[in-house]
Q: 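Handing you this structure, nothing more for now.
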Amino acid sequence: MQSGHPATYLFAARALRDFGDGFVAILLPVYLLTLGFSPLQVGIIATVSLLGSALLTIAVGFLGARYDLRWLLLAGASLMTATGVAVSLVHDYLLLLVIAFAGTINPSAGSVSVFVPLEHAALTREVTDVERTRMFARYSLIGAFAGAAGALAAALPDLTSTIGLGRLTAIKLMFVLYAFLGIAGGHLYARIPMRMVGSEAANAVALGPSRAIVLRLAALFSLDAFAGGFVVQSLLALWLFERFNLSLAQAGVFFFWSGVLSAFSFPVAAWLSRHIGLINTMVFTHIPSSIALLLAAFAPNLPLALALLLIRAALSQMDVPTRSSYVMAVVTEAERAAAASFTSVPRSLAAAASPALAGALFAASYRSWPLVICATLKIAYDLLLLLQFRQLKPPEER
């Protein structure tokens, strides 16, 4: 993409934000425990933060239909800066709860963010229909690598002891860095051309003619996310530890390559979608990944289990850019921000429900059942998606 293109600034802002989210998601619980709060209090802050992020994301989805996206992104960057500064200064628990609810810190480093629906809508208006999926693949790839780099940066506070800087002070400085990343992101958002909001847009309904489509997609995506929650990374690691006595070093290598395969599947998905379509790409890469997970649940040895799980990793995330592209393609321009919000927030809320159920199955010694349930529900989701939306094609496929 040529220099100076608005999408270039949005990509760079995404990289800065995901880098910050990458280290904050890891450092937040460490910081709170260092301040003397209990694990229960840490969990409450994490829950409040997720709830606040979800509500804020829905709110900007409504506002995106009525106000210029650049101003909303600048407001989000300002909130990110204020959040980083406030967390580094405040020690009172009640005030931290308020900051967690109203701020931008996301303990999951996931896709529920005030920025996501705005960036999706802004990016979609900058490219043609043919280029849209490829653009979302780059957007996802950049976010994945930036988040991984941020996770590595979370180790910096443990390295500062060599220069005489205390661990607590070093963590506070990381939150200050998070604030500076917000400022840098704001400078990038400021370079996006302003789009004047006419009287028609000012009176636009966040979800109008595409409401039924968005609600059906949100319901299906929530089923997919609920299924995925049974095999989140920490639970998959637990299964490998208990089933095959996997070492920490082996787990680190496995999850690194798993992440790499997932990241590089994004551009492959964009290429594939140009040949077989968005819905077909989502469904016919997802089903084999679920079959691989199902087979891994019954694998007799570690090498076979890891091989099947790596196959799953290479296929299971190919619906990320294609899903985003499809949602943006089948709604009107005024509805894009709201559509992105209403299809991402329910996903995250649904995904939060299933890990507890998976934990109960682990506790009852049904250790492979979460993998089986996840695979079965995901295959059901794929078939429902194909049945309901195979006839609703994006403009570039008509």
Side-chain angles (χ1 to χ4, degrees), residues 10 13-14 17-18 21 25 46-47 49-65 69 72-73 76 79-80 103-124 132-133 135-137 139-144 146-147 206-207 210-229 232 262 266 269 278 282 286 316-355 378 381 385 389:
L10 290 165
R14 164 96 195 241
R17 187 181 77 254
D18 278 17
D21 286 344
T47 299
S49 177
L50 287 171
L51 178 61
S53 293
L55 293 176
L56 192 59
T57 301
I58 291 175
V60 298
F62 281 107
L63 294 173
L69 297 175
L72 292 173
L73 285 166
L79 183 60
M80 179 177 173
T104 60
I105 284 181
N106 184 356
S108 70
S111 61
V112 175
S113 163
V114 63
F115 299 95
V116 169
L118 300 174
E119 288 180 344
H120 279 196
L123 283 167
T124 303
R132 188 186 57 255
T133 304
M135 177 273 299
F136 272 113
Y139 176 77
S140 300
L141 184 67
I142 288 168
L207 280 180
S210 308
R211 178 188 296 271
I213 294 172
V214 172
L215 293 179
R216 284 161 58 203
L217 286 171
L220 286 173
F221 292 166
S222 296
L223 173 62
D224 178 46
F226 176 75
V232 292
S262 294
F266 297 148
L278 289 171
M282 294 163 65
H286 228 213
S316 64
Q317 297 300 301
M318 291 178 74
D319 69 328
V320 172
T322 48
R323 182 176 62 230
S324 299
S325 180
Y326 185 77
V327 171
M328 293 296 98
V330 296
V331 301
T332 64
E333 182 175 355
E335 296 174 294
R336 284 171 181 163
S341 294
F342 277 87
T343 54
S344 65
V345 171
R347 277 182 56 83
S348 295
L349 295 179
S354 40
K378 279 183 172 289
Y381 151 76
L385 182 67
F389 288 96

Q: Between Thr133, Thr124, Leu123, which is the residue that forms a side-chain contact (heavy atoms from CB on, under 4.5 Å) with Met328?
A: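 That would be Thr124.
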
Q: So, Thr57 side chain and Ser341 main chain: donor-acceptor pair closer than 3.5 Å or not?
A: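 Pair absent, no side-chain N/O of Thr57 close to backbone of Ser341.
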
Q: Please walk me through it: do Val327 and Ile213 pass side chain to side chain contact (heavy atoms under 4.5 Å, CB included)?
A: CA-CA 9 Å; Val327 171; Ile213 294 172; over 6 Å; no

Q: Between the side chain of Ser354 and the main-chain N/O of Phe226, is any donor-acceptor distance below 3.5 Å?
A: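 Judged by distance alone, yes, a pair lies under 3.5 Å.
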
Q: Do you know which two heavy atoms are closest between Asp319 and Thr322, and how far apart they sit?
A: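 Answer, listing the atom of Asp319 first, then Thr322: CA-OG1, 3.0 Å.
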
Q: Quick check for you: to the nearest 0.5 Å, what is the distance between Leu10 atom CG and Leu118 atom CG?
A: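 Separation between the atoms: 10.0 Å.
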
Q: Supply the atom-to-atom distance Phe266 CZ to Ile142 CD1, rounded to the nearest 0.5 angstrom.
A: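 With rounding to 0.5 Å, CZ (Phe266) is 11.5 Å from CD1 (Ile142).
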
Q: Just how far is it from atom CG of Leu79 to atom CD1 of Ile105, taken to the nearest 0.5 Å?
A: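 Going from the CG atom of Leu79 to the CD1 atom of Ile105 covers 10.0 Å.
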
Q: Return the minimal non-hydrogen interatomic distance between Arg211 and Glu335, and the atom names on each side.
A: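 Heavy-atom minimum between the residues: N-OE2, 4.1 Å.
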
Q: Using side-chain heavy atoms (C-beta onward) and a distance below 4.5 Å, is Met282 in contact with Tyr381?
A: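 Of all side-chain heavy-atom pairs linking Tyr381 with Met282, at least one is under 4.5 Å.
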
Q: Please tell me if the side chains of Tyr326 and Leu217 come closer than 4.5 Å, counting only heavy atoms from C-beta onward.
A: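 The answer is yes, as the side chains (C-beta and beyond) meet within the 4.5 Å cut-off.
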
Q: Of the non-hydrogen atoms in Thr104 and Phe115, which two are nearest, and what is the gap between them?
A: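 In this case the closest contact between Thr104 and Phe115 is CG2-CE1, 4.5 Å.
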
Q: With rounding to the nearest 0.5 angstrom, report the OG to CE distance, Ser325 to Met135.
A: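 Reported value, rounded in 0.5 Å steps: 7.0 Å.
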
Q: Can you find a pair of side-chain heavy atoms, one from Phe136 and one from His120, that are under 4.5 Å apart?
A: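 Side chain of Phe136 against side chain of His120, heavy atoms only: contact under 4.5 Å found.
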
Q: Heavy atoms only: give me the nearest Ser222-Pro346 pair and the separation to one decimal.
A: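 Nearest heavy atoms, Ser222 then Pro346: OG-CB, 3.2 Å.
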
Q: To the nearest 0.5 angstrom, please state how far the NZ atom of Lys378 sits from the CG atom of Leu385.
A: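 Here the rounded value is 11.5 Å.
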
Q: What's the spacing between Ser210 OG and Arg336 CZ if we round to 0.5 Å?
A: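 Going from OG on Ser210 over to CZ on Arg336, the span is 10.0 Å.
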
Q: Does a side-chain heavy-atom distance below 4.5 Å link Arg323 with Asp224?
A: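 Result yes, sub-4.5 Å side-chain heavy-atom pair found.
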
